[in-house]
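Here's the structure, in structure tokens; my notes come after.
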Amino acid sequence: MEVLVWDAIGLDVLEERIYRLLLRDPRCSVEECARRLEASPDAVRASVDRLMELGLLESAGARGLRAADPRIGLGGAIRRRRAELDRLSLEADELAADFQEGLLRADPERVIEVVEGSAAAGRRVGELLAGASKEVLALDAPPYAASGTSISAEESALARGVRCRAIYSSAVLDLPAKLDEIRQMMSLGEQSRVHANLPIKLVLVDGTTALLPLTGNEEGAHFTSVVVRHSALTDALVALFETLWREAAPLAGTPSVPALDAVDRQILELLAVGMKDEAILRHLGISERTLRRRIASLLGRLGATGRFQAGVQAARRGWI
């Protein structure tokens, strides 16, 4: 397991052993390293060159070599590997887009999945929301089938920092039970608006996968819907949602100041003054993962595109 940890920053077994040896005995020469590690001098010299390239060893003048402070040397190696992984992640997204386009050209039927029955559609909505990582968009209008599964799935999505925006038909204003449900979701972070004329019902996850009905009646086995995967069609559905969102009005009668716990309130206050993540972590004593999750959730609730903007918007709305 230890070998795999060092391999994560690009060190092989011999390089790791040389680095550890020089940490313990800074006076050890290349020849002495080769003798004590039972390795060839050429292999040790190559490993030493690699360690110097990574900043883990440095020249000590006439004394030969010395190991860099692990907190500095390893920290730099870790940051470089993170940057490499970030670049690889971006490339993976680009390759995935090429892969998807190739599949669609080879087999256009892959873009559509037909879902028969209202129960199956409800399960599929839950699955899509469970897989959401960035944003869920929804167009919602009567009539309604049972919605408990999708409500629970949306609560889970909001809890893990997924941004959720929904546009409801103005007909919901005449449905007290539905209106209470919407306000409950808004209290959890959903951004909700009302529109007089919604052309379709829709759930769209991460801008790439959509579910929409083909028939009007949601009851029974004859109800049919389709799942549409990433394509020009999903891009068009995103554009439709954004157009309707600009036209829609905020849902009236909702509280202007949501319930914020002490940590979220402090995060917003620190963001408003432009404090960097590292300083916030030191100030609050929370993990980097927790901070990122909370900031993502706050950005979604505020509809902000950046950290400083979130702090400013929170101050304007009286959240802090």
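Count residues from 1 along the sequence.
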Distance-only side-chain donor-acceptor flag, E15 / S47, under 3.5 Å: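 Judged by distance alone, the side chains do not pair up.
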E155 versus Q184, side-chain donor and acceptor atoms under 3.5 Å: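 E155 and Q184 do have a side-chain donor-acceptor pair below 3.5 Å.
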Within the side chain of [X], is there an N or O that forms a donor-acceptor pair under 3.5 Å with the backbone of [Y]?
{"X": "D206", "Y": "T208", "answer": "no"}
{"X": "T243", "Y": "F241", "answer": "no"}
{"X": "S297", "Y": "R293", "answer": "no"}

For the student: nearest non-hydrogen atoms of I167 and V194, plus distance: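 Minimum heavy-atom contact is CG2-C, 4.5 Å.
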Steps toward side-chain contact (heavy atoms from CB on, under 4.5 Å) verdict (R294, V263): CA-CA 9 Å; R294 284 180 175 266; V263 175; 3.7 Å; yes
Does a salt bridge link [X] with [Y], judged by any charged N lying under 4.0 Å from a carboxylate O?
{"X": "R165", "Y": "E135", "value": "yes"}
{"X": "R193", "Y": "E247", "value": "no"}
{"X": "E288", "Y": "R292", "value": "yes"}

Beyond-backbone contact of L298 with D264, side-chain heavy atoms, under 4.5 angstrom: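 Of all side-chain heavy-atom pairs linking D264 with L298, at least one is under 4.5 Å.
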Any S156 side-chain heavy atom under 4.5 Å of L129 side chain: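 No - every pair of side-chain heavy atoms lies 4.5 Å or more apart.
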Criterion salt bridge (charged side-chain N to carboxylate O under 4.0 Å, His left out) on D25 and R20, from CA distance to verdict: CA-CA 9 Å; D25 186 358; R20 286 183 179 276; over 6 Å; no
Pairs where residues 267-284 contributes a residue and the test side chain to side chain donor-acceptor pair (under 3.5 Å) is met, not counting sequence neighbours: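 Every pair satisfying side chain to side chain donor-acceptor pair (under 3.5 Å) with a residue in residues 267-284: D277-R307.
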